[in-house]
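Structure, as C-alpha cells:
Just so we're on the same page: letters track the sequence lines, and every chain starts at 1.
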Amino acid sequence: MSALAASIAAQAASRLPAVLEHCRSIVASASSSPSSPSTLVLEQQRLGAAIQAYFGCADAADDRQRRASAEAVLAGTLADLILSECRESLRAQAAPAFWAVLANTPQPDQSNSGAIATWLAKNMQAAFAVLEASIAAHETLFEAVLDFAQSIPSLSAAIRAFNVNTEAGAIVFARPLPEFAAMVEQFVTLSYWAHAVVHDDVPNDWHKRICDDVPEEAIEALQQAVGAATAAVFSVCQRRKLQHRVLMPFVLSQLDILVKAQTEAMANLFADSCHEAAGQWIDTYPAPWLRHVLGESDECDQLISYLKTQWLSQSLAALRTTELFDIIVDYPESANALSDLRALLIHPQQRAALVQTLRASFERRLLHPGANTPDILTQYISAIRALRQLDESGVILEQVCAPVREYLFGREDTIRCIVSSLVDDAESDLRDELANTNASANADSDVSDTEDATDSWNPVPLNADLTQPSSLRKTSDIISLLISIYGSKERFVDEYRALLSDRLISTLSYDIDKELRNLELLKLRFGEANMLFSEVMLRDITESKRNNTSVQERMPESVKLDFPLNVIILSRLYWPNFKTEPTPLPKPVEDFMKAYEAAFEILKPTRALHWKHSVGIVTISLDFEDGELEFSVAPAMASLIMLFERDDPWTLGELVEATESSTAVVRKRLAFWIAQRVVIESPADTFSVISKIADQGVPLQGIDADSDEEDALHNIDGEAGEEAEGDEELDVTQCFMFVSMMLTNLGSLPADRMLTMMGMYAPTMPIDDRSFRRFLSNMVADGKLATSGGEYQLVK
Amino acid sequence: MASQNTAPRRTASATATNPKLKSTASTMDGHAVTRRLQQELMQLMGAADLGISAFPQGDSLFSWIGTIKGVSGTVYEGLSYKLLLKFPSAYPFNAPTVTFETPCFHPNVDERGNICLDILKDKWSALYDVRTILLSIQSLLGEPNNESPLNGQAAGLWANQEEFKKLLLQKYNENANKK
C-alpha cells in the first residue's frame, strides 16, 4: 500500500517540472503579445502554492487522500492558468484585429447608400475573414494544449469544456464598436436586398435608396459584391456559431419590417384570399434568405414555420380585425377576407379583441345621430351575414351587435325603416329575405328543432354569454333577428298596418296586387292571425272598388262632377286612427258627397258612412297666366290653396279662421306651398299666390321641399305620437284631467313619479320634464293643486 | 319495433311545442289587454264629473285604484269610497275582481269589501269596461239589492233611511278618523 503510494508520488514528482516547463512554454508561445503581467504573476503564485502543497503531500506519501486532493487542486490551477492564457490571447489578439478592420477604414457618408453598401460589403467581409483566421489559429493552439493535457486526466477534463468558438465570440463581441450594431443591421438589410433583387421582390426602401445613389449598370455588380460578402460573413458566423451573438436580433427585426410591409400591402384587399398568398410569399422570399443567413438547421426551419403560422398570420389577423367594419361593408364581396380571418383566429383572446375592436368601430362609425337608420340597418344586416360566416355559433355576432340592437331599439324610425324596406318596391336585402320563404317561416318554433340535432353539435365558445337564450344565437334568419330587437311582432304588425294604410290611401287607383303579394309573404312570417287587420284593409280596398262603381251608377246626374272622385270605404275598426282636421271642401264636392252617402245607404242599409275629409289625395292643377302646374297633395293642402281662388292676399289670422285650424297647422301647410314657390309671404304673415309660373324662379326642389311633400301626404296618426310634432304646446286641460285622475285615486305623489306614470299610461301625451314642472307650478298657483314635502295633491 | 320507437318521440315533440304556443298566445293577449286598459284609462278622463275615477295603482296596468262619490239625493251623498280593481289576463273576456278598499256599510258589500253585483259575476260581458263597472257600483250604493244581502244588518236597516244614514255616517267617520 505505502509502496504503491510512494511510487506514484515519485512519478508525479519526477514529471512535474516537465509539466510546468511545458505549461510555461505553451503560455509563452500563446501570448505572443505581452499580456497583463499582474495576471501572470498572480497565476504563478497560485501555481507555486499548489506545487508546494503537492510536494508537502508527497512527503507524507501514505496519506493518499490528501495527495489526491492536492493533485486535483494542482490540476485545477493549471487548467485555470492555461484557459486564462488562452482568453487573454483572444482578447489581446483576435478582438483588436477584428475591430481594427472596421474602425480603421473611415465609413462613408451615411446619406450615400451605394457607398455604404460597398463599404460594408468590403469591410465586413474583411473583418470576418480576419476573425475567422485568428479563431482558427487559436483553435490549433488549443488542440495542442489538449494533446498535452491528455496525459493528466483531471487536467484534460477541466479544459475540455473550453470551447474556442464560444469564448472567441464572447470576448470579441464583448466590447463592440459603438456603430457596430448599425453596421450589422444595415448589412442584414443589404443581404436581404441582394437576395430579393434577384427574386424581384424589393419591399425594403434600401432598393430605392440604392437605385438613387448607384448608376443602374453598377447595381448588378454591387448586388454581386454584397451577395459574395454576405455569403462569406454568414458562413463564418455559421461555422463559428456566431449567428445568435451577431446576426439574430437584426435578422428578426428585418423579418419584422418585412412582415409589416407585407401586411400593409394586403390592407383593403378583401376580395382575395391573402392567407394563402402570404404563405407562398414566405416560401418564395424570406424562407430561402433565412436558410442562406442561418444555414440549413432545425432552428431555421422552426423560424420559418413560426413566421408562417404565427408571425405573419397574427399580423394579418390583427389587420383584418381592425378592418372588419369595412369588410362587413363590402360583404359579400369580401367573403375571402372573412374566410382568411376565420382561419387565422386561433387564440381565444383574439376573438375577445375582435369583439372589442368591432364594437368600438360600430360605436364610432355607426351608432351616432349622424348615421341614417337605413344605413345602420344595412350594416347590421351585412354584419349578421358576415359574422355568421366568421363564426357560426353566433357568439361574436351576439356580442358585437348587442349595442347595435340596443341603439336601433332606441331609434324612433327603426321599425318604420324595417317595415318599409320589407315591402318597398325597390330591391332591398330585406325584401329578398322576405321572399326567401325557405328561411324559417316561424322563427321561434323552428329554432328549437335545430338545437336538438346532436350530430353537428359543437360546444359554445368560452366567451359566450350563457344568460342569453341560445336560440337567438343560432338563428340566421335576418328578419327574425330584426324582429327580436323589439321582443314581439306586435309593433311590426302595427307599423305595417300604418304603412299599408298610408300606401292604400295615397294611391288613387284601387290596384293592390303588389300589396296582396306582400301580405301573403308577411303572413308566412308573422302568422295569419297577426295579419288579420291588414287583410281586412286590403279587402276594404277591393270592395270599395266594386262599391264605388255601383254607388256612383246610382247617383243622380245632377251632382256628377267634371272630374273623377273615387271613394274608399274603410271598416273603421280595422284601420289605424286618422288625424282628422277640419277641411272645408268646395260646394260641388260636398254635394257630391251627400248624394254619394245617400246612394250608399240605399245599397248598404246596415252601414253608415262617415267621411274623413282630410284623408286621401287630391290631384289639382293650378292655372297661372302663363301655364299650369299639377300637384298631388292631401285634401287639406288643396283646400288651403283653393282659398286663394276666392281672395288674394290672405293674412295668417284670416286663414286660421277660414280653415278652422290652429296657427301652427296653417303655417305648416303654407310652408309646403311656399316651398313649392306657389305662395309667397310678403310682408310677414301676409300670403299671396304668384300670378305667373315665370315668377316662381327655381322651385326649391331641395331636401326641404321633399320632406314637406312627404308631410303633405302623410296624414295617418301614427302610434308613435307623431301628431305632437307640429304642436309643441302642452294641452293643459287634458294634462290636468290626467293628473287629477291620478291624484284622486293615488292620493299625493312626487312630480317624478307623476311624470313616470304619464310616460307609462298616457303615451299620447308626450311631455318633457321641464314643461311638466312648469305646468305643476301653474296649477299650484291657480289653487288647483297643493304641494307639501315635494308631493302634490288635489285641492278639495 | 319501429312504431314503438317513433311514437314516444312524436308525443314528446307535441308536448314540447304546445307550451310554446300557449305562451305566445298569452303574451299576445297581454299586449292586447294592456292596449285596451290604456284606452279605457284615457276614456275615463272625461268621467270625472260623474263622480267616478280610477288609475293604475303602480307600475302595472292590471291593478287599479278606483274612487266613487255617493250620488246626491242618496244616503251616500258626500261620501267617497276607494275600490281596488284587479284585471285578469283574459280581460275583457273575464270580469275584473272589484273590492271596496274603504269599508262600506251597504247591504250588498261584506266587511272585507266584497261586492255582490251581477255584472261582476255571471252577467259579465266583454262590452263592460271600467267606466260602466264604476257607474254600476255607484248606482248600487243608492239602489241596493236587498234580495241577496251580504250584510244582513244593513239590509235590515235599509227601510229606515234616517237610522241607516246615522249608522252609515258613524261608521264612515270612524274609519276616516282611524286614518
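- Top candidate by heavy-atom pairs under 4.5 Å with chain A, chosen from B:I65, B:L44, B:L37, is B:I65.
- More than 12 heavy-atom neighbours from other residues, nucleotides or ligands sit within 6.0 angstrom of NZ on B:K121.
- With a 4.5 Å cut-off on side-chain heavy atoms, B:R35 and A:D494 count as touching.
- Within a 6.0 Å radius of OH in A:Y574, other residues, nucleotides and ligands contribute 12 heavy atoms or fewer.
- For the pair B:L41 and A:F738, the minimum side-chain heavy-atom distance is below 4.5 Å.
- Rounding to the nearest 0.5 angstrom, the gap separating the CH2 atom in B:W64 from the CG atom in A:L746 is 11.5 Å.
- Counted within 6.0 Å of NZ on A:K523, heavy atoms from surrounding residues, nucleotides or ligands total more than 12; the atom is thus considered enclosed.
- By the neighbour-count criterion of 12 heavy atoms within 6.0 Å, atom CZ of A:R753 is densely surrounded, having more than that number from other residues, nucleotides or ligands.
- Contacts between B:L83 and chain A at a heavy-atom distance below 4.5 Å are absent for every atom of the residue.
- With rounding to the nearest 0.5 Å, the separation of CE in A:M737 from OG in B:S53 is 10.5 Å.
- Distance check: B:F55 CZ to A:M741 CE gives 6.0 Å after rounding to the nearest 0.5 Å.
- Put simply, OG1 on A:T744 and CD1 on B:I68 are 13.5 Å apart, with the number rounded to the nearest 0.5 Å.
- The minimum heavy-atom distance linking B:G66 with A:N745 is given by the pair C-OD1, 3.1 Å.
- Taking a 6.0 Å sphere around CD of B:E101, one finds it holds more than 12 heavy atoms contributed by other residues, nucleotides or ligands.
- Heavy atoms from other residues, nucleotides or ligands lying under 6.0 Å from CD of B:E111 number 12 at most.
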- side-chain contact (heavy atoms from CB on, under 4.5 Å) between A:Y761 and B:L61, worked out: CA-CA 8 Å; A:Y761 300 130; B:L61 259 172; 3.3 Å; yes
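- In this structure, chain A has heavy atoms under 4.5 Å from both the backbone and the side chain of B:M45.
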